[in-house]
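Basis for what follows: all heavy atoms, side chains included, without hydrogens, waters or symmetry-related copies.
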Amino acid sequence: MSASGERKVSASLGRSVRGTTPRLADLASTPETPRTPTLGRSVSSLFGSPGGSFRTEDEYVVIEVGSRYLRGGFPGESTPRCTLPYDPENQRRVGDYRQWDPDYAQKRRRPKKGQEWGQEYELYRMDLTKVDLRVVEDKFERMMREVYNKYFVLDTKPRRILLALPPKMPHPLMSTLLDVLFGSFQAPSITLMSSPILSTVAAGLRSALVVDIGWAETLVTAVYEFREVHEQRTVRAGRLLSEEMAKVLNAAQVEQLGYVEDDDTSFEEAEEVLSRVAWCKPKPRSNRRTLYFPARTSPILEEFEDAVETPEPTVTIPFPKASPPAEVTIPFATLAKPAEAALFATETALSEFDDHELPLHHLIYRALLSLPVDVRRVCMSRIVITGGVSAMPGLKSRILAELEALVQTKGWDPVRNYGTASARHEQILRQKMEALELRKQEGEDKVPESLDPDNPLPAAHRPQDVWHHEAGVEREKTRAGPPPESLVGGVVRGVETLGPWAGASLVAQQRIRGIVEIDRERYLQHGLQGASKDKEVSVVPQRQSMGPGVRGGAGDRASWTLGVWA
Amino acid sequence: MAQAFPYTYYACNCFDSNTSGKRAAAVLQEAADEDEGTFDPRSPRANYQLYPLEHLLYCEDCQQIRCPRCQIEETLNWYCPSCLFEVPSSVVKSDGNRCNRSCFSCPLCTSPMQTFSLDPTGESGPPFILECQYCRWSTVEIGIEFEKGQGISAQLARIGNGGKPLPSHKERDKERERRKELEARKRDGRELFSPSTETTHTDKDEGPPSHDDLFASLSAFYKSQVESQTSASPFSSHDINFSSPSAYSRIMNLYSTSGPKKKQRPKPTAMREAASALEGLTLHDPSADTAAIERLKRDGWASTISPAQKRAQPNPSVRFTSDLRPLATLLCTKRSKRCRSCRQILTKPEAKITSTRYKIKLLALNHIPRLSIRALASDTPVPGSSRPPAKVFDYNALKPGIPTHFLFHMSNPLFDPIKVTLATPSTTPGKVQSRVTILCPQFDVGANTDIWDDALNMPAKRGSLLSDQAPQIEAGKIWDRGRNWTSVAVEIVPGFLDESARVEAETPGRGGPLEEDDDVLEIPVFVRIEYEADTGADERGLVDSKGGKGEKEKREEAFWTVVGVGRIKGS
């Protein structure tokens, strides 16, 4: 990425954080002759009374709404004040205290008939045909009341809300959430930010490939200069994982305790095991499905890997709610199986997958593949894995390793099958691989960027090389510019993030104004239909009437937009 | 449900008004509901609409029940429930919502922790620890000891797990600056060296930066980026301070044609991303993953913490018991409540923390008649059973298919007599269909007059006004009545539990196998009351001056209640 290109992109940024950062140089140079500057109302408020309202208006609360958890807190804090699950226990009638009844607490909760795995534990799902929005509203309202009254314990001053949402959401669902926040919690305005962008912010990046392994689906979003440029999803995520874990646990219980009818592992138990002891195996060294170098890896290594530790490590998992309460000892290796089956599906051939259930590494690879070359170069070295499941030990390393392997074997060639020409293609690839191996053996002192071999390449590779050259020149030129680390590209690299909530907290702390800012009055009048502006709105013209930290209120805007959510 | 049988829940009206005219789908759904016309205590929404009468307030201006959802709450003051220390609002703002003295709760079992001295001499000298009185978890397990017995939270903020000191925010910032400078100098000295290798060197000494460290670095990085963008302009964010001299220069700048703004300002440099760990960039490190896996393998289940414990931690991304931190007690608040529609204050507690009294308290309990149910067990015919009649009626084992008599008992807290109309669907909604007949759905209830009237007038029979005749179960007649209460008989035929499979076959979607609480017999009852209230009593100021006292005004209340009768016994 050249510096000039960066500037050009950022100048027209829509919902980017960087774009919204007010650049007031524009402001001062506007009037050419001495006259009263034609500044907007918001600035007149700046010159008007600097009263108390000026500061208080700035106060935000930061809320992240996911399908399983709600996080709320204040800007500038590193962690949310509360992380609340949409637990069925929280959804009981007032005065129903059975969850504290020892008899009740010892029983396993059986899933309700006709409900999918864990459905009671969700706030919403994207398929609205199966969701009663009024129940969603009730749930959300009750939860928000708890957040405000128990954790925020604010004074009565209304606060603006920075709401982190997934980038795609059905409008009825959004308006349900907004109804509650505007109606019951009197927010003067709500700023919507999409969670991949916030994850990017919380990683310290401006462009990234955000892999959000959430509950219902894994969402791979390519973010370039704080703008979503591409998106892919798969259902291989938390729910599937949790179901797989329940299967594993059920099998272990049946094996060790015998079969008890109607005493399957409950959702909570599966979740608990998942969050406590589940792990993910590192990438197996000899991949059976790797076509290109069958016997390259040394057999000794392989043996070492497969060597069974004696005694085999096990984990004893208590099931106090089973009838009778029991402990089950499970081999440690078994606890890695759910991740294997649910997220990577190593047993299944790639051709068997439907579009919505690609394994994670293939999904990421495809997302990268469909990006423009320069964006891909930036994104592939900024892979940010986040979401609830990503906390599983070993998972991030595994995903990155798998991706690395995919990139190495396939290159950036969108053609998956060359048909009759495949023999030749394979030969080229093999040459490439060998060259690569050779280089590796030659020495590690090469900068990773030079990994790209110069020998015959698929066409998709060439522009990158040209680019590298340019980058070098550019770097010479802008020595005073960004440090070289922020220009790294072309290698698979994982970057840690603090998560969308922390990102939202950072954004709100810097008083950066979002693109999607919904004003209470306008929303109450028109609802989401009031968003009359185009999706691709730019902040540039508006900058002239905005100062940093000066909030004239979103009411100044003649119209507002829904941005990504439009 | 988990309340002891029998119980009564009241539905707040706000739900109907709340959703009216919202979304097409919802409206359609609502229309369908209205056709049915009855309140379904089993719908998922019912959990949010039903409240015990004690939890409800009453707005006298709107003359409506107010549930927590149609109230606005205002915090009056903050206090720690553990040490009962009032926390001023400024401290809440700056230090957060937790007690900043010595109140902590156990991260494992949430019970309160106490400070103990580990002094071997027996005197209470240092070192001190926090210990949970219930599960015996103590800060020794995470390697933390305190020097003083007071101000634990201040001390804890400075000690990390394992006893190593945690830097404060300021120290952190200073340290970061120092290291940045160091790095910059190094880079200048040896240009070809990429700084990333160096930073990893320095990082290796201290392990990966903590969540807080990272956040602070990121925050500082973004701040510097935003500043570098705006500082050149006269409108930079610092200058928006009306007492500062820069305000003047800014205004001068605006109106002057000459000056610095005339010359082309250099384009601001593009913002960049974080480039080093000091700026908050952390690259993925597979060794951390491997270490976590090894540790899981070694220590197993017991070394990990449960999801609930994890969520309660200040940093919810921890995984092992050694990462636990004692939890400072969440502050509680005293709140006054206002009606959402008219803003009238409904409750206002006394400001003093230790006082439990209220200055204003408009309870629904004092405005809404209480409906309760109890079994008329003594003379229920139980064929084929030689049960002694004195035996306590078992609400948890209603006999399916056998008509059982219950009493609806309506007591009136108002100072005016009321006319009551009860309505209920003849079969209860839900999978198990029970038949319900209220024998006398319309009746009067006397006013809530002086209690002593009651005692003086009717000494013979406890409260009953119908002492001359024996109560009887007869359609159209009340069972019994007292000073401000009336009871009517109701006949209930509990449904058969195993019948629901048959219902399923007839009307798909209604029956099906039983689940939790399907065997609970709950009757939705629509209550409508009419009474003539003294207008003067409520709107004193206005009406008094007109001298219109004594004028009566007809009032009406209507609401749904759900009466939980009991649990039907399986056959």
Heavy-atom donor-acceptor pair, [X] side chain to [Y] backbone, under 3.5 Å:
| X | Y | result |
| --- | --- | --- |
| R45(B) | D132(A) | no |
| R319(B) | V277(A) | no |
| Y222(B) | V201(A) | yes |
| D138(A) | Y48(B) | no |
| N47(B) | Q91(A) | yes |

Taking every heavy-atom pair that is under 4.5 Å apart, which of [options] has the most such pairs with chain B?
| options | value |
| --- | --- |
| P393(A), G494(A), A401(A) | P393(A) |
| I317(A), L498(A), T83(A), V315(A) | L498(A) |
| K150(A), Q186(A), E141(A) | E141(A) |

So how far is it from [X] [atom1] to [Y] [atom2], rounded to the nearest 0.5 Å?
| X | Y | atom1 | atom2 | result |
| --- | --- | --- | --- | --- |
| R276(A) | F320(B) | CZ | CZ | 11.0 Å |
| L296(B) | L335(A) | CG | CG | 8.5 Å |
| T497(A) | L214(B) | OG1 | CG | 9.5 Å |
| K223(B) | R511(A) | NZ | CZ | 10.5 Å |
| S275(A) | K310(B) | OG | NZ | 4.0 Å |
| N315(B) | S78(A) | CG | OG | 7.0 Å |

Among [options], single out the residue with the greatest number of heavy-atom pairs under 4.5 Å to chain A.
| options | value |
| --- | --- |
| L283(B), L330(B), D299(B), T75(B) | L283(B) |
| A292(B), G96(B), A46(B), C332(B) | G96(B) |
| P286(B), A291(B), C70(B), S43(B) | P286(B) |

Compute both the distance and the angle, then confirm whether R93(A) meets the cation-pi test with Y51(B): under 6.0 Å from the six-membered ring centre, within 45 degrees of the axis.
no
Side chain, backbone, both or neither of [X] within contact of chain A (heavy atoms, under 4.5 Å):
| X | result |
| --- | --- |
| T290(B) | neither |
| T333(B) | side chain |
| I305(B) | backbone |
| P314(B) | backbone |
| R298(B) | neither |
| L218(B) | both |
| S219(B) | both |

Step by step, work out the side-chain contact (heavy atoms from CB on, under 4.5 Å) result for H284(B) and V495(A).
CA-CA 5 Å; H284(B) 174 69; V495(A) 179; over 6 Å; no
Which atoms of [X] are under 4.5 Å from chain B, going by heavy atoms: the side chain, the backbone, both sets, or neither?
| X | value |
| --- | --- |
| C82(A) | neither |
| Y69(A) | side chain |
| N149(A) | both |
| A208(A) | neither |
| Q509(A) | side chain |
| T200(A) | backbone |
| A502(A) | both |
| V273(A) | both |

Which atom names give the shortest non-hydrogen contact between F215(B) and G76(A), and what distance separates them?
CE2-O, 3.5 Å
Looking at P307(B) and E272(A), what are the two nearest heavy atoms and their distance?
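Scanning both residues, the minimum pair turns out to be CD-CG, 3.7 Å.
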With a 4.5 Å heavy-atom cut-off, do [X] and [Y] have their side chains touching?
| X | Y | result |
| --- | --- | --- |
| Y151(A) | N97(B) | yes |
| S184(A) | R340(B) | yes |
| T79(A) | H211(B) | yes |

Please tell me whether S397(A) and D289(B) have a donor and an acceptor in their side chains that are separated by less than 3.5 angstrom.
yes
